[in-house]
Asks: 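Let me begin by handing over the structure; questions about it come next.
Heavy-atom basis, side chains included; hydrogens, waters and symmetry copies ignored. In the text below, chain A, chain B and the rest are named by the order of the sequence lines, each starting its count at 1.
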There are 2 protein chains.
Amino acid sequence: MHALDDGISRWRRVADAIRADIASGVIAQQLPPEVELAERHGVNRHTVRRAIAALSTEGLLRAERGRGTFVNAQPPRVIYPIGERVRFRENMMKQSIEPSGRLIGAERVAADARQAAQLNVAVGAPLHRLERLAVVDGMPMSRSTSLFSAERFPDIISAYAETGSITQALQKSGVSDYRRRETRITAERVSPNDAELLQCASDAIVLISNAVDVDMEGKPVQSVRTRFLADRFELSFKPEGD
Amino acid sequence: MHALDDGISRWRRVADAIRADIASGVIAQQLPPEVELAERHGVNRHTVRRAIAALSTEGLLRAERGRGTFVNAQPPRVIYPIGERVRFRENMMKQSIEPSGRLIGAERVAADARQAAQLNVAVGAPLHRLERLAVVDGMPMSRSTSLFSAERFPDIISAYAETGSITQALQKSGVSDYRRRETRITAERVSPNDAELLQCASDAIVLISNAVDVDMEGKPVQSVRTRFLADRFELSFKPEGD
DNA sequence: AAGGATTTGTTCGTATGTATA
DNA sequence: GTATACATACGAACAAATCCT
């Protein structure tokens with residue numbers, strides 16, 4: 001029973017058929033309802049749902065309860081430069097994008113081994129953790145978690161809350177300028193918490209940038225871990241600058 | 001019916017319970033069978049499977065038919081520097097890793113608009129496309145697709161096949177040295193073709209580096225798109241060099 | 001080596017919950 | 001409020017891969 005004409009499961013063939021229909025333009029924006037797709041392909045509704053789930057994981061489809069299932073438009077990615085001088089506001093404004101940051105939360109934590117090494121403090125030293133959400137045109141763009149030595153920057157939280165800018169908050173704390181020492185990039189699936197804040201699918205991919213900023217004497221100032229939605233961003237590194 | 005004590009669906013709570021059991025060490029390597037988990041949590045087997053599917057998508061679990069469901073070990077990521085001088089072999093050997101490249105295929109193609117702009121050739125100009133697979137200790141690490149102007153580098157394919165190195169192949173073609181002009185990084189789900197070659201799950205994440213190399217006069221030499229498995233790599237950018 | 005037991009994968013059926021139009 | 005459409009959940013059966021005797 002459950003005839004498999006060629007060893008390919010039915011939901012996979014239904015998924016391939018839907019993918020082909022989208023590629024050929026037969027389906028443009030919205031999929032027919034699940035029951036109709038089930039009839040059309042001669043399978044149970046569950047089988048259609050399995051296919052849609054797979055295509056959603058691929059990022060091709062997006063199902064909305066009560067509304068329908070839609071083909072995801074793939075907007076061009078915003079180019080985000082990474083380099084010695086990294087200023088979110090400056091970078092975005094070069095591309096005619098008006099950014100705004102939002103303070104999600106702040107907390108006092110103790111440094112673990114990795115954080116201690118990055119910030120050149122003792123393990124267990126007090127840190128200020130700053131949780132931020134960058135928003136562009138009302139659309140959440142990235143989540144970042146910044147860490148500062150609480151001993152060196154006791155008032156960084158209130159300074160950021162006042163100015164809304166890391167650069168200005170550091171200036172208030174006596175750091176006139178800073179530069180990036182190292183940026184490490186990897187990618188993971190978005191965490192449930194970030195998925196909610198970034199208003200993305202729960203299985204979206206985030207680019208993770210883990211960076212350390214140092215002041216002009218080379219002393220570590222900030223350790224920051226930023227999560228960019230991978231389908232909205234492209235990180236750009238140019239050796240010579242633009 | 002189907003009492004939702006707190007508005008969280010059952011499969012999600014089962015997933016959270018399993019995640020917690022793994023974090024606390026109650027489950028170390030292998031999960032109990034689905035039927036047993038279903039009994040233990042008082043739900044249907046389908047509900048357990050939905051939870052396991054979610055955790056598999058997160059990369060935490062890996063189900064093998066006939067064998068069981070296992071906790072994925074998360075090996076430390078290899079650090080891959082990106083900068084002006086990028087030489088795969090040199091980079092890997094610094095971390096005591098002995099690399100080897102494998103030529104997957106080569107083809108003559110016509111430049112599309114994007115490629116033409118990157119390589120500074122006319123749209124439709126002939127290009128050599130070089131498909132490679134980088135292997136470390138028998139483990140596939142990255143897939144890359146290189147593009148060269150076929151007019152400027154007519155013999156690049158055979159030169160690479162002989163030497164097994166892009167750097168040496170370019171030297172044979174009269175490019176004594178080259179540097180990276182720009183690297184753009186994003187992330188996507190792995191393509192089915194790459195998944196097979198990289199021997200990874202079909203829903204794995206790849207870091208995609210799209211780069212242009214130029215010779216010492218600044219003329220474009222190579223456009224290369226490399227796919228790194230995100231759970232095996234971390235890309236590192238240091239402004240000043242190491 | 002053969003065959004039964006175990007375990008995950010697929011497919012159907014049915015019912016109910018929840019959000020949207 | 002009703003109808004539509006996706007989401008969750010349970011039950012049953014069989015397929016396919018692996019393991020064990």
Asks: At 4.0 Å (heavy atoms only), tell me whether A:V35 reaches a base, stays on the sugar-phosphate, or touches nothing.
Replies: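 Here A:V35 touches no strand at all.
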
Asks: Any N or O donor-acceptor pair under 3.5 Å from the base of C:dG9 to the side chain of B:R45?
Replies: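 Looking at the base of C:dG9, it does pair with a donor or acceptor on the side chain of B:R45 (distance under 3.5 Å).
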
Asks: Roughly how many Å is it from CD1 in B:I8 to P in D:dA9, rounded to a whole number?
Replies: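 So the CD1-P distance, B:I8 to D:dA9, works out to 11 Å.
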
Asks: Provide, to the nearest angstrom, the distance between the CZ atom belonging to A:R13 and the P atom belonging to C:dG9.
Replies: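 Whole-Å distance recorded here is 19 Å.
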
Asks: May I ask you to say whether B:R19 pairs ionically with B:D16, meaning some side-chain N is under 4.0 Å from a carboxylate O?
Replies: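 The answer is yes: the pair qualifies as a salt bridge.
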
Asks: Any ion pair linking A:R189 and B:E58 (charged N to carboxylate O, less than 4.0 Å)?
Replies: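 No, this pair does not count.
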
Asks: Quiz question: by atom type and distance under 3.5 Å, do the side chains of A:E234 and B:N210 form a donor-acceptor pair?
Replies: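 There is no such pair (donor and acceptor under 3.5 Å, judged by atom type) between the side chains of A:E234 and B:N210.
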
Asks: Would you say the base of C:dT10 and the side-chain of B:H46 have a donor-acceptor pair closer than 3.5 Å?
Replies: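 Checked by distance alone, the answer is no.
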
Asks: Quick one: B:R10 CZ to D:dG11 C1', roughly how many Å, whole number?
Replies: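 Those two atoms, CZ and C1', are 14 Å apart.
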
Asks: Can you measure B:L37 atom CG to C:dT7 atom P for me and round it to whole angstrom units?
Replies: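 After rounding, the gap between these two atoms is 11 Å.
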
Asks: Is the phosphate of C:dT6 approached by B:R65 (side-chain N or O, under 4.0 Å from OP1 or OP2)?
Replies: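 No, no such contact exists.
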
Asks: Which residues within residues 47-62 of chain B lie with some heavy atom under 4.0 Å of an atom in DNA chain C?
Replies: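 Under 4.0 Å from DNA chain C: B:R49.
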
Asks: From CZ of A:F70 over to P of C:dT20, roughly how many Å is that when rounded to an integer?
Replies: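 Value for this atom pair: 11 Å.
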
Asks: For the residue pair A:R129 and A:T145, confirm or rule out a side-chain donor-acceptor distance under 3.5 Å.
Replies: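 Per modelled atom types, A:R129 and A:T145 side chains form no pair under 3.5 Å.
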
Asks: Could you tell me the separation between the CD atom of A:E64 and the C1' atom of C:dT20, rounded to a whole number of Å?
Replies: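 The answer, rounded to whole Å, is 10 Å.
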
Asks: If you measure from the Lys or Arg side-chain nitrogens to the Asp or Glu carboxylate oxygens, is any gap between A:E188 and B:R77 under 4.0 Å?
Replies: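 B:R77 and A:E188: salt-bridged.
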
Asks: If I take atom CD in residue A:E36 and atom P in nucleotide D:dT4, what distance separates them, rounded to the nearest angstrom?
Replies: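 Answer to the nearest Å: 13 Å.
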
Asks: Which base sits across from D:dG1 as a Watson-Crick or G-U pair, both distances under 3.5 Å?
Replies: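 For D:dG1, the partner nucleotide comes out as none, under the 3.5 Å rule.
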
Asks: Starting the side chain at C-beta, find the nucleotide from C:dT20, D:dC19, D:dC10 nearest to A:R67.
Replies: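 That would be C:dT20.
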
Asks: Is it the case that the side chains of B:S223 and B:Q118 hold a donor-acceptor pair, with the cut-off being a distance below 3.5 Å and no angle test?
Replies: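 Result is yes, a qualifying pair exists.
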
Asks: Hey, does the side chain of A:T69 come within less than 4.0 Å of D:dC6's phosphate (OP1/OP2), counting only N and O?
Replies: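 A:T69 to D:dC6 OP1/OP2: side-chain N or O found under 4.0 Å.
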
Asks: Counting only side-chain nitrogens and oxygens, does B:N44 get under 4.0 Å of the OP1 or OP2 atom of D:dG11?
Replies: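 Yes, B:N44 has a side-chain N/O under 4.0 Å of OP1/OP2 on D:dG11.
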
Asks: Distance alone, cut at 3.5 Å: any donor-acceptor contact between the side chains of B:E182 and A:S236?
Replies: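 Short answer, yes.
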
